[in-house]
Amino acid sequence: MSLAHNTEPIRPIKGSQSPIMLKAVLFDLDDTLIDWSPFSHDQWESMETRRLSRVISHFRDSGHPLSDEHAFKSEFMLRTTKAWNEASQYLRAPHIGNVMMEAAAAVGVPASLLDTDTVMRAYDWNIADGIGLFPEVPEVLGILRDAGIKVGIVTNAYQPMWMRDVELATLGVLDYFPHCRISAADVGFLKPHPHIFETALASIGTEASETVFVGDDPTADMVGAKKVGMRAVYRPNVRRPHAELEVTPDGTITSLHDLLNLLDGWYPGWRKTSAGVTR
Ligand SMILES: [Mg+2]
């Protein structure tokens, strides 16, 4: 039989399988790419009050008086806390839009004004004052992109991703993540639930073995990523130090520059671009 008619599948010669190549790096967002250390709880409260005041103005402009501002704000805060407490028991993600609609309904806003998207645009989430990326983030994202490595974000935010995208755009890094930006609020599950990681892998189009995860949370990020078969790199959170780790991370870093060194050890040659240039 000539080779042209050989329909046998090509089998790799035993022992000659190609090494697994790095194809993607997935990042947690808060305290991994965005540095929240300059931000205080008091700042959060005053920012939240301003955002909720914009929602109240929206309801009033739409014809509902909403006479008790304080009741609405406290309903929202209490329901947010309750939603997170319930969510963490079952890893079912809360959604800020649902919490907002329930709080508004509880103080008498009629159903005709409870369009989640419209109300959340009035809330006008944006980047918190004084917050920025860790300084090395743009450079490292650029090195990964130039080497053909896809990058993505998987966050336990209760905001849908379109809201967090506003921050990424303001920080100038939205365009680095065209394939995969996943918020727990959209997926319905919180890390470490495997579903949110599997959704991210499907979205970025790589296998777990070809993908590295970087995060600051020992449970949500490290346990979750390892459970689905990814290498997990730990960036300890300077704001909320964790005393004990449930699993041993594959690597620990203090800067994303250290991540590049880890990748050099695990995937020799990954920096070579398709043009043969080493970054
Ligand atoms: Mg985090």
Side-chain angles (χ1 to χ4, degrees), residues 24-41 43-44 47 80 83-85 87-88 91-96 125 127-128 130-138 140-141 151-161 163-168 170-171 173-174 176-177 180-187 189-197 199-201 204 211-228 230-259 262:
V25 179
L26 294 172
F27 294 93
D28 165 56
L29 181 55
D30 296 313
D31 294 308
T32 297
L33 298 179
I34 295 178
D35 177 11
W36 282 90
S37 59
F39 200 69
S40 71
H41 184 72
Q43 256 179 295
W44 179 266
M47 280 187 61
T80 296
W84 274 109
N85 287 342
S88 52
L91 298 181
R92 296 306 298 258
H95 191 298
I96 188 174
W125 172 268
I127 191 158
I131 294 309
L133 298 167
F134 287 103
E136 77 281 10
V137 168
V140 169
L141 292 178
V151 291
I153 289 173
V154 187
T155 171
N156 264 358
Y158 89 138
Q159 297 89 357
M161 201 65 216
M163 293 173 73
R164 301 308 307 265
D165 281 352
V166 175
E167 288 165 271
L168 295 174
T170 305
L171 294 166
V173 291
L174 180 62
Y176 283 102
F177 305 97
C180 174
R181 301 187 310 282
I182 305 283
S183 164
D186 292 323
V187 173
F189 289 90
L190 290 164
K191 297 178 288 183
H193 196 289
H195 186 72
I196 186 168
F197 291 97
T199 302
L201 288 169
I204 207 161
T211 309
V212 170
F213 195 92
V214 186
D216 70 290
D217 191 292
T219 305
D221 297 323
M222 297 301 100
V223 172
K226 288 188 74 111
K227 205 184 285 178
V228 297
M230 282 188 265
R231 276 198 165 111
V233 175
Y234 180 45
R235 172 176 209 155
N237 185 327
V238 291
R239 274 193 315 139
R240 290 178 288 125
H242 296 93
E244 287 185 18
L245 301 181
E246 290 173 55
V247 294
T248 305
D250 294 288
T252 300
I253 60 176
T254 54
S255 149
L256 292 189
H257 286 129
D258 302 337
L259 169 69
L262 285 175

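As the structure lists them, so they are numbered: ligands from 1, and atoms in each ligand from 1. Quick caveat, the model's predicted, so the values are computed rather than measured.
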- Any residue meeting side-chain hydrogen bond (donor to acceptor under 3.5 Å, both in side chains) with Gln159, in chain and number order, not counting sequence neighbours: none
- Task: Give a yes or no on whether the backbone of Ala232 and the side-chain of Asp250 come within a donor-acceptor separation of less than 3.5 Å.
- Result: yes
- Message: Quick check for you: within a radius under 2.8 Å, how many protein N, O or S atoms neighbour the Mg ion (ligand 1)?
- Response: 3
- Message: The criterion is salt bridge (charged side-chain N to carboxylate O under 4.0 Å, His left out); which residues satisfy it with Glu246, sequence neighbours excluded?
- Response: none
- What class does the angle between the rings of Trp84 and Tyr158 fall in, given that below 30° is parallel, 30 to 60° is tilted and above 60° is perpendicular? tilted
- Could you pull out all residues at least two apart from Asn237 that satisfy side-chain hydrogen bond (donor to acceptor under 3.5 Å, both in side chains)? Asp31, Asp216
- Row check, Phe189 ring normal vs Arg92 NZ/CZ: under 6.0 Å, within 45°: yes
